[in-house]
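A short worksheet on the structure shown next.
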Amino acid sequence: DSLRSLYGLMPESISHEGYSAKPMHSYWDDFFALRGYGDAVEIAAILGREQEKQKFIASRDRFRANLYQSLELAIRNKAIDYIPGCAELGDFDATSTAIAVYPGNEWANLPQPQAQNTFDRYFDYFTRRLQPEFGWNAYTPYETRLIGAFVRIGQPQRAWALLEFFMGHQRPWGWNHWAEVVWKDASTPRFIGDMPHTWVGSDFINSVRTLFAFEDEHEQSLVLAAGIPAAWLDDPQGVAVEKLPTYYGRISYRLKKQRNHLKIRVSGELTMPAGKIQVVIPPDYQAKDKKIPWNSDRNAVIVDRLPMKIVLIEN
């Protein structure tokens, strides 16, 4: 089974620098490859290359089947309850696994409960690291990509905790950036890598964008406001997004509280996604107009035309 778990994967590599001592079959590589297959299908469809599209679909589906078979075998072989970083070691690496959530958009397909266990285990470590008595020396701020991952899997409270922590570790103080390695003691004279580290920065930008909007490829929908804290709505001006680029076009929206009402206005120049636009709202609101469609799983009001205005009532 250990050899079978390697079948059909990308070759072993050190693209994940954690395996620089010995190349491994990193699932990081495979989720990036699966993303590439999906994009190839999309590009062929846009260009009207039907023959190439069908070829890419067959390759994508075969690769996905091999990948998920490998994950199941690795989990069983190593007797673990989380998604491993690579097939050989069964190692825990939630920062790497986050690639499966974004840009992979594979959350709906990942084996459960192992996928949720992965992020639960990470957050448990994260909260322990906040305690003064907990011993840690350094971390890599690639972890900022987990901010967006938690929003996408419906756990924005965890995303906010991460956001506050990482914003406090931009060094030197006052510089709007992260180095590749952040040491607990800022005066530690050791390796910090590139400064600023633009991959970390792009992970952060993608995560912050997710607070306001992200494309759910599984549902073929555009999800808005999934990571906006309820406290932000207490600002008299509310929360506004103007002409944000998305896969479907530019989107604008405003959420504004007025006494016990929450007013939502959505507009834009875009192609309506097949799964529509979903605006995630705080759990203590309900639609004033009972005819407005609702996604109870995500606690989101569904916008099926633009522009659209919605009024919600606080419970």
Side-chain angles (χ1 to χ4, degrees), residues 14-24 26-28 74-75 77-102 110 113-153 155-208 227 229:
I14 61 169
S15 70
H16 182 310
E17 294 174 353
Y19 306 129
S20 58
K22 186 179 187 302
M24 297 289 173
S26 171
Y27 290 121
W28 153 288
I75 289 168
N77 294 341
K78 300 298 181 180
I80 55 178
D81 64 353
Y82 53 83
I83 305 296
C86 72
E88 291 93 337
L89 301 178
D91 51 326
F92 178 79
D93 187 359
T95 307
S96 174
T97 304
I99 290 296
V101 181
Y102 181 81
L110 291 173
Q114 290 86 1
Q116 185 60 61
N117 290 345
T118 302
F119 294 101
D120 288 347
R121 177 170 170 171
Y122 166 81
F123 192 73
D124 177 67
Y125 169 77
F126 171 81
T127 53
R128 286 187 287 121
R129 191 169 57 187
L130 299 179
Q131 306 306 314
E133 66 276 9
F134 185 71
W136 65 278
N137 293 318
Y139 71 90
T140 57
Y142 297 116
E143 290 182 37
T144 56
R145 71 174 64 111
L146 284 142
I147 297 169
F150 278 122
V151 173
R152 286 173 176 265
I153 68 175
Q155 298 177 323
Q157 295 85 354
R158 292 181 170 185
W160 306 330
L162 267 63
L163 182 61
E164 181 178 3
F165 175 79
F166 295 129
M167 289 300 292
H169 283 192
Q170 294 178 310
R171 296 171 182 166
W173 307 120
W175 289 33
N176 296 321
H177 86 114
W178 289 271
E180 187 174 8
V181 179
V182 172
W183 294 87
K184 184 177 184 180
D185 181 354
S187 64
T188 300
R190 295 189 65 179
F191 175 81
I192 61 171
D194 298 333
M195 189 182 79
H197 197 282
T198 52
W199 193 338
V200 171
S202 65
D203 282 335
F204 176 75
I205 291 169
N206 284 327
S207 284
V208 169

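Going from atom OG1 of Thr97 over to atom CD1 of Ile83 covers 6.5 Å, rounded to the nearest 0.5 Å. With values rounded to the nearest 0.5 angstrom, Gln114 atom CD is found 6.5 Å from Asn117 atom CG. From Phe165, atom CZ reaches atom OG1 of Thr127 across 11.0 Å, with rounding to the nearest 0.5 Å.
A pairwise comparison of heavy atoms in Glu180 and Pro141 identifies O-CD, 3.1 Å as the closest pair. A pairwise comparison of heavy atoms in Tyr19 and Gly85 identifies OH-C, 3.3 Å as the closest pair. Scanning both residues, Leu146 and Ala94, for their nearest heavy atoms gives CD2-O, 4.0 Å. The two residues Ala149 and Ala98 have their closest heavy-atom pair at CB-CB, 4.3 Å. Counting all heavy atoms, side chain and backbone alike, Ala87 lies closest to Ala74 at O-CB, 4.1 Å. Across all their heavy atoms, Trp160 and Gly227 have their closest contact at NE1-O, 2.8 Å.
Scored by the side chain to side chain contact (heavy atoms under 4.5 Å, CB included) test, Pro23 finds Glu12, Ile14 as partners (sequence neighbours excluded). Listed by chain and number, the residues in a ring-ring contact (aromatic ring centres under 6.0 Å, His included) with Tyr102 amount to none (sequence neighbours excluded). For Phe92, the ring-ring contact (aromatic ring centres under 6.0 Å, His included) partners are Tyr82, not counting sequence neighbours. A search for side chain to side chain contact (heavy atoms under 4.5 Å, CB included) contacts involving Ser202 returns Trp199, not counting sequence neighbours. Under the rule for a salt bridge (Lys or Arg N to Asp or Glu O under 4.0 Å), the partners of Asp120 that lie at least two apart in sequence or sit in another chain are Arg158. His197 pairs by the ring-ring contact (aromatic ring centres under 6.0 Å, His included) definition with Tyr142, not counting sequence neighbours. Partners of Asp185 according to the side chain to side chain contact (heavy atoms under 4.5 Å, CB included) rule, which considers only residues two or more places apart in sequence or in another chain, are Ser187, Thr188. Contacts of Pro172 classified as side chain to side chain contact (heavy atoms under 4.5 Å, CB included), with partners at least two apart in sequence or in another chain: Trp175, His177, Met195. For Phe204, the ring-ring contact (aromatic ring centres under 6.0 Å, His included) criterion is met by Trp178, not counting sequence neighbours. Remark: Arg152 engages no residue in a salt bridge (Lys or Arg N to Asp or Glu O under 4.0 Å) (not counting sequence neighbours).
You'll find the side chain of Pro84 reaches within 4.5 Å of the side chain of Tyr27, heavy atoms only. Here the side chains of Arg145 and Asn206 are not in contact, with every heavy-atom distance at 4.5 Å or above.
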In a table with atom names and distances, give each donor-acceptor pair under 3.5 Å that connects a side chain of residues 130-140 to protein atoms at least two apart or in another chain.
residue : atom : partner : partner atom : Å
Trp136  : NE1  : Arg129  : O            : 3.3
Tyr139  : OH   : His169  : ND1          : 2.9

Verify side-chain contact (heavy atoms from CB on, under 4.5 Å) between Met167 and Glu164, making sure each step is shown before the conclusion. CA-CA 5 Å; Met167 289 300 292; Glu164 181 178 3; over 6 Å; no

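Looking only at distances, no side-chain donor or acceptor of Thr144 sits under 3.5 Å from a matching main-chain atom of Asp203.
In this structure, Phe126 has its ring center under 6.0 Å from that of Phe123.
For residues 85-99, no residue pair satisfies the salt bridge (charged side-chain N to carboxylate O under 4.0 Å, His left out) rule, not counting sequence neighbours.
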